[in-house]
Peer 1: 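Let me give you the structure first, and then I'll get to my questions.
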Amino acid sequence: MFKTLKEDIEVIFEQDPAARSYLEVILTYSGLHAIWAHRIAHAFYKRKFFFIARVISQISRFFTGIEIHPGAKIGRRFFIDHGMGVVIGETCEIGDNVTVYQGVTLGGTGKEKGKRHPTIKDNCLIAAGAKVLGSITIGENSKIGAGSVVLKDVPPNSTVVGIPGRVVVQNGVRIKKDLNHTDLPDPISDRFKELEMEIEKLRKELNELKLKERKSENGHSAL
């Protein structure tokens with residue numbers, strides 16, 4: 001247990017350049033507080049002390065703004081950066097060396113029973129505001145772009161962006177475009193472009209009809 005707690009501190013120094021001292025990290029990093037509280041709550045949960053486990057998790061939520069159900073299984077070196085608004089569901093399973101940012105939801109769709117939350121494999125990164133929903137699996141070494149909504153399994157070594165999330169890079173090969181948090185797919189903009197194309201098509205057809213009508217009128221006039 002103490003080795004795991006020490007690793008939780010060490011990963012912060014590796015991932016966050018703003019971390020300056022052990023004292024600062026231990027006293028001021030809410031993500032670390034939430035993870036430690038969860039590890040205690042989960043230990044009670046495994047021993048079927050469900051009420052105590054939920055009390056600990058709710059106290060942690062109150063002080064950190066991070067909600068982790070005590071039933072969630074979290075591996076080593078888990079890093080929550082900033083953390084406010086992070087939600088992790090009861091049947092969620094998280095591997096080792098996983099990083100999540102603020103506003104991330106690892107939740108359910110509301111339609112499932114039993115295993116209803118995601119499984120996040122080792123070495124994954126889930127960027128700010130991303131939603132990973134349902135009993136799906138995010139493969140090893142994958143990245144979920146900021147604001148993405150992921151509802152289907154993601155293969156290992158992939159980058160996913162958009163709403164709904166789609167794979168844009170897999171095994172280092174670009175499928176469409178690489179991860180760019182300032183250039184995520186915009187379904188509203190895409191729809192506007194489709195409408196503009198339809199309007200342009202209708203305008204051409206109307207011009208063709210007007211041209212045919214003028215030719216017909218000129219033909220009648222000549223007669």
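The first residue in the sequence is number 1, and the count goes up from there. For clarity, every value in this text was computed on a predicted model and none was experimentally measured.
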Peer 1: Side chains of P70 and R54, heavy atoms from C-beta outward: is any pair under 4.5 Å?
Peer 2: yes
Peer 1: With a 4.5 Å heavy-atom cut-off, do F78 and V11 have their side chains touching?
Peer 2: no
Peer 1: Report yes or no: do I199 and L206 belong to one cluster of Ile/Leu/Val/Met/Phe/Trp/Tyr joined by side chain heavy-atom distances under 4.5 Å?
Peer 2: no
Peer 1: Please verify the inter-ring angle class for Y22 with F13; under 30° counts as parallel, over 60° as perpendicular, anything in between as tilted.
Peer 2: tilted
Peer 1: Under a single-linkage definition using a 4.5 Å side-chain heavy-atom cutoff for Ile, Leu, Val, Met, Phe, Trp and Tyr, are V87 and M84 assigned to the same hydrophobic cluster?
Peer 2: no
Peer 1: Donor-acceptor pair, distance only, cut-off 3.5 Å: does the side chain of D96 make one with the backbone of R76?
Peer 2: yes
Peer 1: Enter the distance from I52:CD1 to I40:CD1 here, rounded to the nearest 0.5 Å.
Peer 2: 12.5 Å
Peer 1: Measure across V167 and V160 and return the closest heavy-atom pair with its distance rounded to 0.1 Å.
Peer 2: CG2-CG2, 3.9 Å
Peer 1: Any side-chain to backbone donor/acceptor pair from H38 onto G71? Under 3.5 Å, distance only.
Peer 2: no
Peer 1: Step through the shown structure and confirm whether more than 12 heavy atoms of other residues, nucleotides or ligands are within 6.0 Å of CZ on R61.
Peer 2: no
Peer 1: Using a 6.0 Å cut-off, check whether atom NZ of K121 has over 12 heavy atoms from anything other than its own residue.
Peer 2: no
Peer 1: Can a donor-acceptor pair be found, under 3.5 Å and without considering hydrogens, that links the side chain of S135 to the backbone of K115?
Peer 2: yes
Peer 1: Would you confirm whether T91, through its side chain, and R116, through its main-chain N or O, come within 3.5 Å as a donor-acceptor pair?
Peer 2: yes
Peer 1: At their closest point, which heavy atom of N123 faces which heavy atom of V98, and how far apart are they?
Peer 2: N-CG2, 4.2 Å
Peer 1: Side-chain heavy atoms under 4.5 angstrom apart, residues restricted to Ile, Leu, Val, Met, Phe, Trp, Tyr: same cluster for F63 and V55?
Peer 2: yes
Peer 1: Is any side-chain heavy atom of V149 closer than 4.5 Å to a side-chain heavy atom of P164?
Peer 2: no
Peer 1: The test is side-chain contact (heavy atoms from CB on, under 4.5 Å); show your working for I144 and V104 and say whether it passes.
Peer 2: CA-CA 10 Å; I144 308 299; V104 165; over 6 Å; no
Peer 1: Do you know the tightest heavy-atom contact between H69 and G89?
Peer 2: CB-C, 3.8 Å
Peer 1: So with a 6.0 Å cut-off around CZ of F50, is the heavy-atom count from everything else above 12?
Peer 2: yes
Peer 1: Does any N or O in the side chain of S142 come within less than 3.5 Å of the main-chain N or O of S158, such that one atom is a donor and the other an acceptor?
Peer 2: yes
Peer 1: Measuring from T99:OG1 to R77:CZ, what's the distance to the nearest 0.5 Å?
Peer 2: 9.0 Å
Peer 1: Run the side-chain contact (heavy atoms from CB on, under 4.5 Å) test on F79 and I35 for me, step by step, so that the C-alpha distance in whole Å, both residues' side-chain angles and the decisive distance to 0.1 Å come before the verdict.
Peer 2: CA-CA 8 Å; F79 178 45; I35 294 167; 5.8 Å; no
Peer 1: In a check of side-chain contact (heavy atoms from CB on, under 4.5 Å) between I120 and each of V154, I94, L125, which one passes?
Peer 2: I94
Peer 1: At what distance, to the nearest 0.5 angstrom, does CD1 of I80 lie from CD1 of I74?
Peer 2: 6.5 Å
Peer 1: Indicate if Y45 and I56 have the same hydrophobic cluster label, given that clusters are the connected sets of ILVMFWY residues with side-chain heavy-atom separations under 4.5 angstrom.
Peer 2: no
Peer 1: Give a yes or no on this: more than 12 heavy atoms of other residues, nucleotides or ligands lie within 6.0 Å of atom NZ of K73.
Peer 2: no
Peer 1: side-chain contact (heavy atoms from CB on, under 4.5 Å) for R203 and N207? Distances and angles first, verdict last.
Peer 2: CA-CA 6 Å; R203 183 180 290 115; N207 290 335; 4.0 Å; yes
Peer 1: Return the OH to OG1 distance between Y29 and T64, rounded to the nearest 0.5 Å.
Peer 2: 15.5 Å
Peer 1: Between K210 and E213, is there a salt bridge with N-O shorter than 4.0 Å?
Peer 2: no
Peer 1: If you measure only the distance, is there a donor-acceptor pair under 3.5 Å linking the side chains of D122 and N97?
Peer 2: no
Peer 1: How many angstroms lie between OG1 in T105 and NE2 in H117, if you round to the nearest 0.5 Å?
Peer 2: 10.5 Å
Peer 1: What closest approach, in Å, do I9 and L32 show between heavy atoms, and which atom pair accounts for it?
Peer 2: CG1-CD2, 4.1 Å
Peer 1: Rounded to the nearest 0.5 Å, what separation is found between the CG atom of D81 and the CD1 atom of I126?
Peer 2: 13.5 Å
Peer 1: Please give me the minimum heavy-atom distance between Q102 and V86, naming the atom from each residue.
Peer 2: CA-CG2, 4.2 Å
Peer 1: On a heavy-atom basis, which atom in K131 and which in G129 lie closest, and how many Å separate them?
Peer 2: CE-O, 3.3 Å
Peer 1: Are F51 and F62 in one and the same hydrophobic cluster, where Ile, Leu, Val, Met, Phe, Trp and Tyr link if side-chain heavy atoms are under 4.5 Å apart?
Peer 2: yes
